[in-house]
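What you are looking at is a predicted structure, and each value in this text was computed from that prediction instead of being measured. We number each residue from 1, following the sequence as shown.
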Amino acid sequence: MTGTHESHELAPEQQPMDAEFRDFLTQHKDEFLRIALSCLRDLFDADEAVLDAALKIHQKWPKIKTHNNPPALARKIVHTTSIDFYRRRARLASREIPHPRLPHTPTADDLLELRGYERLDQARAALQDRAPKQAECVRLRYLEEMEFTEIANHLDITPGAAKTNVHLGLKALQALMTLPEPRNGGNS
């Protein structure tokens with residue numbers, strides 16, 4: 001035999017999807033989309049963020065499937081990917097050269113439509129930095145409409161802890177949203 005047999009290892013994104021991963025992704029895709037949608041507020045961007053997260057989950061699948069709570073770890077990946085979605089897009093856009101025939105670019109009206117959510121988004125971001133567990137509990141309770149037992153299962157905490165985190169998170173959000181607007185200028 002004169003032929004040589006070389007084994008080529010495929011990059012993680014080119015490896016075939018195993019049935020276990022495919023089933024996991026199918027089972028949780030709606031939940032992942034809701035997580036991304038709660039961060040991004042645009043269905044198309046959320047769908048793209050979920051696809052990015054699915055690639056990351058696939059790359060880390062051996063580690064995720066052996067975790068004591070694989071859905072929780074996958075949800076965390078979806079959440080962080082969603083948070084970073086626009087930052088990553090801005091980094092890429094800064095290196096792109098615009099083409100005159102490209103479709104619709106956001107206008108001032110598009111941005112004004114989102115202005116009503118600005119204080120809430122800022123408060124949610126501040127809560128995420130200060131108390132991530134409270135922020136996640138509030139998100140699951142009010143954006144995902146989960147019961148406390150479901151939140152507890154998702155985050156691997158007790159239902160009482162879930163209820164406490166929601167209560168404290170709501171109080172913190174209320175305090176953050178009622179803070180006076182910062183003034184421009186000095187101490188006046």
Side-chain angles (χ1 to χ4, degrees), residues 11-15 17-18 20-96 106 111 114 117-148 150-158 161-162 164-166 168-170 172-173 176-177:
E13 61 272 3
Q14 296 175 333
Q15 292 178 356
M17 199 180 338
D18 69 351
E20 187 179 15
F21 173 75
R22 186 179 55 245
D23 294 343
F24 176 83
L25 198 57
T26 302
Q27 180 182 0
H28 296 283
K29 70 178 180 173
D30 292 338
E31 177 184 2
F32 294 160
L33 187 59
R34 284 192 307 271
I35 292 168
L37 198 53
S38 73
C39 293
L40 301 173
R41 288 198 172 76
D42 180 81
L43 182 59
F44 298 107
D45 290 346
D47 188 46
E48 193 171 331
V50 169
L51 290 174
D52 291 346
L55 178 61
K56 291 176 184 179
I57 293 167
H58 183 254
Q59 291 168 343
K60 298 175 183 182
W61 182 242
K63 187 174 184 176
I64 291 171
K65 71 180 179 182
T66 59
H67 189 267
N68 64 351
N69 192 347
L73 189 55
R75 281 189 296 275
K76 184 173 177 74
I77 291 171
V78 171
H79 187 255
T80 55
T81 302
S82 298
I83 289 172
D84 194 45
F85 182 78
Y86 288 130
R87 289 185 214 140
R88 189 173 55 255
R89 183 179 274 184
R91 284 192 303 268
L92 292 173
S94 69
R95 293 181 247 155
E96 292 177 351
L111 297 175
L114 295 174
Y117 295 106
E118 186 175 359
R119 286 191 68 130
L120 176 60
D121 289 341
Q122 288 172 346
R124 284 182 61 210
L127 183 62
Q128 181 67 35
D129 289 342
R130 294 177 185 174
K133 185 77 73 176
Q134 289 176 12
E136 185 66 6
C137 286
V138 168
R139 187 189 69 74
L140 291 172
R141 178 72 174 152
Y142 293 101
L143 297 177
E144 300 285 328
E145 299 178 352
M146 291 185 176
E147 297 297 323
F148 294 117
E150 292 174 301
I151 295 170
N153 289 335
H154 273 63
L155 299 178
D156 201 23
I157 58 177
T158 66
T164 300
N165 278 309
V166 168
L168 294 174
L170 286 175
L173 280 175
L176 289 166
M177 290 185 70

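Every residue was checked against the side-chain contact (heavy atoms from CB on, under 4.5 Å) condition with E145, not counting sequence neighbours, and none meets it. Residues passing the salt bridge (charged side-chain N to carboxylate O under 4.0 Å, His left out) test with R124: none are found, sequence neighbours excluded. Shown here are the side-chain contact (heavy atoms from CB on, under 4.5 Å) partners of I157, two or more places apart in sequence or in another chain: K133, C137, A152, L155, A161, A162, N165. In this view, F85 satisfies the ring pair (Phe, Tyr, Trp, His ring centres under 6.0 Å) rule with no residue, not counting sequence neighbours. Looking at residues two or more places apart in sequence or on another chain, you find a side chain to side chain donor-acceptor pair (under 3.5 Å) between E144 and R34, R139. Under the rule for a side-chain contact (heavy atoms from CB on, under 4.5 Å), the partners of Y86 that lie at least two apart in sequence or sit in another chain are L40, D42, D45, R89. Residues forming a side-chain contact (heavy atoms from CB on, under 4.5 Å) with K29 (at least two apart in sequence, or on another chain): none.
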When the side chains of residues 66-78 are checked against the rest of the protein, which donor-acceptor pairs come out under 3.5 Å, sequence neighbours left out?
| from | atom 1 | to | atom 2 | distance (Å) |
| --- | --- | --- | --- | --- |
| T66 | OG1 | P62 | O | 3.3 |
| T66 | OG1 | K63 | O | 3.0 |
| H67 | ND1 | N69 | N | 2.9 |
| H67 | ND1 | N69 | O | 3.3 |
| N69 | OD1 | A72 | N | 3.4 |
| N69 | ND2 | N153 | O | 3.3 |
| R75 | NE | E31 | OE2 | 3.4 |
| R75 | NH1 | E31 | OE2 | 2.9 |
| R75 | NH1 | H154 | NE2 | 3.3 |
| R75 | NH2 | H154 | O | 2.8 |

Review item, side-chain donor-acceptor pairs of residues 46-55, under 3.5 Å, at least two apart:
| from | atom 1 | to | atom 2 | distance (Å) |
| --- | --- | --- | --- | --- |
| D52 | OD2 | R88 | NH2 | 2.7 |

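Looking only at side-chain heavy atoms (C-beta outward), R141 and L170 stay at 4.5 Å or farther from each other.
Considering every non-hydrogen atom in both L127 and G169, the closest pair reads CD2-O, 3.7 Å.
With rounding to the nearest 0.5 angstrom, the CD atom of Q128 is 12.5 Å from the CG atom of D121. Here the CE atom belonging to M177 is positioned 9.5 Å from the CD atom belonging to Q122, to the nearest 0.5 angstrom.
Ring geometry for F24 against H28 counts as tilted: the plane angle lies between 30° and 60°, on a 0 to 90° scale.
More than 12 heavy-atom neighbours from other residues, nucleotides or ligands sit within 6.0 angstrom of NZ on K65.
One N or O on the side chain of D18 and one on the backbone of F21 form a donor-acceptor pair closer than 3.5 Å.
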